[in-house]
S.K.: 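Just dropping this structure here.
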Protein chains: 2
Amino acid sequence: MTVTLADVAARAQVSPATVSRVLNGNYPVAATTRERVLRAVDELDYVLNGPASALAAATSDLVGILVNDIADPFFGIMAGAVQSEIGGPGGRAGGERLAVVCNTGGSPERELTYLTLLQRQRAAAVVLTGGAVEDPAHAAAMGAKLRRLGESGTRVVLCGRPPAPDTGAIALTFDNRGGGLRLTQHLLALGHRRIGYIAGPEERTTTRHRLEGHRAALSAHGITDDPHLTLHGPYDRRSGYDAALELLRRDPDLTAVVAANDTVALGACAALRDRGLRIPADVSVAGFDDLPFSMDAVPALTTVRLPLQTAGARAGRIAMGREDAPPGGIATVQGELMVRGSTGVPDPGRGGA
Amino acid sequence: MTVTLADVAARAQVSPATVSRVLNGNYPVAATTRERVLRAVDELDYVLNGPASALAAATSDLVGILVNDIADPFFGIMAGAVQSEIGGPGGRAGGERLAVVCNTGGSPERELTYLTLLQRQRAAAVVLTGGAVEDPAHAAAMGAKLRRLGESGTRVVLCGRPPAPDTGAIALTFDNRGGGLRLTQHLLALGHRRIGYIAGPEERTTTRHRLEGHRAALSAHGITDDPHLTLHGPYDRRSGYDAALELLRRDPDLTAVVAANDTVALGACAALRDRGLRIPADVSVAGFDDLPFSMDAVPALTTVRLPLQTAGARAGRIAMGREDAPPGGIATVQGELMVRGSTGVPDPGRGGA
DNA sequence: CCTCAAATAGAAAGCGCTTGCTACGTGGAG
DNA sequence: CTCCACGTAGCAAGCGCTTTCTATTTGAGG
C-alpha cells in the first residue's frame, strides 16, 4: 500500500506526532530529529495524505478561481494573476496552496455546482471573476451560497464582478459603466452620431453596465438611442462578425461600431472589411478590455483598458489575507480609454446630413 | 458548527450509514427513506465533507489539468475541452468531479509542485498539456513522479506533449515536426529561400520539434539552414516583435518569417509593418496553432491548425476512463496546414539573385 | 403457519492525520 | 542538592465519512 505517516515515523524512530510536526513546521522539533524524519520521508517517497490532514486539521489548502470561459484571455489573464499570488512556489514559504481554476462556461448551474464542490472541499478561499448573471433566482442562490461559504471560513473575493450584498464577499469591481461612457464620449467627440452597439449576452451585469455607459454618453449628447442599433450576442468573434453585418443592414450609414469587448470588435472589423469598408475611414470600431492582441490588430483597436493583471493579483492577495480588504469591502477599479487607430473622424459623405 | 452527516441522520431518523448511502447512491435504500434523508439534507443545507469522504473512501473526485500559461488561448482551449468532458454538470450523472486547472507558468519546479499537490489530494486523474521541458534532470524527476502517480491509481494523460516512456502515462502527441515541415514546404514551394525562424523557448520539446520540421524541409530542398536566421524567445507577442526586427537586421533581404506560434507571428507582423514592409508582398509570415484570432489578423495568418478542442476532449474522456487509450498508449495527432493571406510568392526584387 | 431468502437498516471499525495534554530530561536558580 | 521551567517527544482522542458485517423485517413458497 501507500506509505503513511506511521511508516515514516517507524523508519525515523519517532512517533507519528513528531513526523506531522516536522512536516508542518508548526512546533519545535530538535534539529537532529527533524533531519532524521526528513531523511525517512525522502527515502520512502512519502507524500502527505491531503484529505486526511484536511480532515484532521479542519482546513484545506485549496483555493478556487471561477472563470466564465477559460479559453478567453480576459479570464486567463486574471486567473493567472490570482494564481501567481496564491499557489505553488509563487508564494512565500509555508502553506503550499493548490490554486485551481474552474471553468463555468458562463452557466449559472455550473457556477453553483463548482461552488458546492469547493465548499465540499472546504476551500480556503474562492475568487469569482467576470460578470454575474442577473437572473433573480440565480442571484439569490448565489448570494446564499456565498454567504454560507463565508460563514464556514472560506474567504470569498469577487474580481471584476459587482458586489454581492450581505454575503461578506469582498468585491473588486470594474467600472464598466464609466468605461463604456468614456468610450462613446470619445466617439461622439470625433463627430460620430450613428453608432451601432454590439452588446454582450443578455442578463449579464457586464453587458448591462457597459451598455448603460454607452447610453448615458449618448443621452448626455442629446442623442436618443435607437434600439435597432443595439444587438446582443455572446463574447466571441463570430458574434461580432454577424452583428456588424446586421447593423450595416439596419443602418448602412453607420459611422461607428462599439463592441462589447475586443474579441467581438475584431469580428466586427472582419465583417466590415469583408463588406469593403475601411476602418476607420468608413467606419470606426471600438472594443473593451484591451487584451494583448488588440494592440496588434490592423488598425490597432481603440478600447478601454482594464487592469486585469493588477486586479487579479490584488484579489489573490486579499484572498490569501495578505492584503487588507478595501474599505466597505468594495473597491471600484477604473478602466482607461486607449485611443488607437481604429477610431477616427467620420466620413462626411456617410451618415451625416 | 457545520452540519455533519450525523446531524442529517438524526433529523431524518436514520443512521449515518443510511445517509451516506443515499448520498452516494451505491446501495439500495427504500424510496421513503431516501426521501426523508434528502429532505433533511435540504433543510439543513448539508454539504458533504470532501476530505472526510475522500479519506474514508480512499478516492477523490479531483482531476487536475496542468497548463503552461493559462492566459494563452492555446492552453485555455485545451483545458476547457478537457474540463468539459470531466467536470461539473457537463458529465453524466454520478461522480460530480472537480476539474481544476493549474498554471505552471512553464516552470519545471511549479510543474513538479503541482503534481505533488495533486498526488497529495489523491487526484483521480491528471492531464498534462503542452510541451515538456527537456532538461534531463527535470525529465527524470517528472518521469518518476508520473510513474508514482500512476501507481497510486491516478490516471495520467499527456495532451499535446511527447510520450513519457515507462510511466504508464497515455500520450496524445501533436505532430509538431510534421506541421513545421509542411509549413516550410509551403513557403519553399512559393519560392522563398531566405526564411527567418522565430523559435519558442529553448529546451522545450515543442520548440525543438517544430524547428526540426522546418530544418528538414529546408534540407530536403537542398538549403543549408543559416543558424543566424533562427532566434529563440518566449511564446509572446513581444518576442515575435523583437525577433522580427533582429532577423531583419541580420538579413534585410528576408522574404519570409516562420514563427513558433500564432501569437509570436502576430508580433512579428507588427514589427514588419512598423518597418514599412507589406505582408505578404514584401515578407510572408506564418504561425502555428491556428488560434481563433489568427483568422482575423490582417492579412489572415497562414498557420498549422492543431485540433486543440478535439484533442483536449479526447484526453478528458481517456482520463475519465470513458474512452479507451490508443494502442500502445500513444497517439499522434496531426496538424493541418491552413494557407491564408499572410504568405505569398516572394518579391523578385528582394532576397533573390 | 413456518422457513428461508431477499431487502433494508444499523453498529462499529477504521481511513491517515493533527493536536491538546502529559511525560520526560536537563540545566540554571535557589 | 533540589526544584522549576523550558525544550522535546509521545499518547491518544478524535476529525466526518465509508463500508463490512450483522440484525431485522418482509414476503413467498412449502
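First the proteins, then the strands, lettered A, B, ... as listed; each starts at 1. The basis for the numbers below is simple: all heavy atoms, side chains too, and nothing from hydrogens, waters or symmetry mates. Remember, it's a predicted structure, so these values are computed and weren't measured experimentally.
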S.K.: Any Lys/Arg nitrogen of A/Arg161 or A/Glu111 sitting under 4.0 Å from an Asp/Glu carboxylate oxygen of the other?
M.R.: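 Counted as a salt bridge, because a side-chain N and a carboxylate O are separated by less than 4.0 Å.
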S.K.: Let me spell it out: for each of B/Ala31 and A/Ser53, pick the nucleotide of DNA chain C with the closest heavy atom. Which residue's pick is nearer the 5' end?
M.R.: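 Taking each residue's closest nucleotide, the earlier one in sequence belongs to B/Ala31.
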S.K.: Return the value, rounded to whole Å, for the distance between atom CZ of A/Arg122 and atom P of D/dG16.
M.R.: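 After rounding, the reported distance stands at 9 Å.
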S.K.: Among residues 34-44 of chain A, which contact DNA chain C at a heavy-atom distance under 4.0 Å?
M.R.: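 Output list: empty, so none.
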S.K.: Cut-off 3.5 Å, side chains only: do B/Gln121 and A/Asp61 have a donor facing an acceptor?
M.R.: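 Indeed, the side chains of B/Gln121 and A/Asp61 share at least one donor-acceptor pair under 3.5 Å.
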S.K.: Considering residues, nucleotides and ligands other than B/Glu323, do more than 12 of their heavy atoms fall under 6.0 Å from its CD?
M.R.: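 Enclosed: over 12 neighbouring heavy atoms sit under 6.0 Å from CD of B/Glu323.
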S.K.: Assess whether salt bridge (charged side-chain N to carboxylate O under 4.0 Å, His left out) is satisfied between A/Arg148 and B/Asp45, documenting all intermediate values.
M.R.: CA-CA 9 Å; A/Arg148 250 174 281 128; B/Asp45 255 339; 3.1 Å; yes
S.K.: Given C/dG16, C/dA9, D/dT8, identify the nucleotide with an atom nearest to the side chain of A/Ala52.
M.R.: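 The listed nucleotide nearest to A/Ala52's side chain is C/dG16.
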S.K.: With sequence neighbours left out, write down each residue that passes side chain to side chain contact (heavy atoms under 4.5 Å, CB included) with A/Arg34, or none if nothing qualifies.
M.R.: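 For A/Arg34, the residues satisfying side chain to side chain contact (heavy atoms under 4.5 Å, CB included) (neighbours in sequence not counted) are A/Val22, A/Val29, A/Leu38.
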S.K.: Answer yes or no: does atom CG of B/Asn26 have more than 12 heavy-atom neighbours from other residues, nucleotides or ligands under 6.0 Å?
M.R.: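 Result for CG/B/Asn26: enclosed.
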S.K.: For the pair made of CG in A/Leu55 and P in D/dA13, what is the distance, rounded to whole Å?
M.R.: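 For the pair A/Leu55 CG and D/dA13 P, the rounded distance is 17 Å.
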S.K.: Grab the two heavy atoms, one from A/Pro108 and one from A/Val133, that are nearest each other, plus how far apart they are.
M.R.: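 Shortest heavy-atom contact: CG-CG2, 4.0 Å.
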S.K.: At under 4.0 Å between heavy atoms, which parts of nucleotides 19-25 of chain D does protein reach? Answer with one letter per nucleotide, 5' to 3': B base, S sugar-phosphate only, - none.
M.R.: BB-----
S.K.: Could you tell me the separation between the CG atom of A/Leu5 and the P atom of D/dA12, rounded to a whole number of Å?
M.R.: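 It is 17 Å, rounded to the nearest whole Å.
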S.K.: Do you know the tightest heavy-atom contact between B/Ala315 and B/Val127?
M.R.: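 Of all heavy-atom pairs spanning B/Ala315 and B/Val127, the closest is CB-CG1, 4.3 Å.
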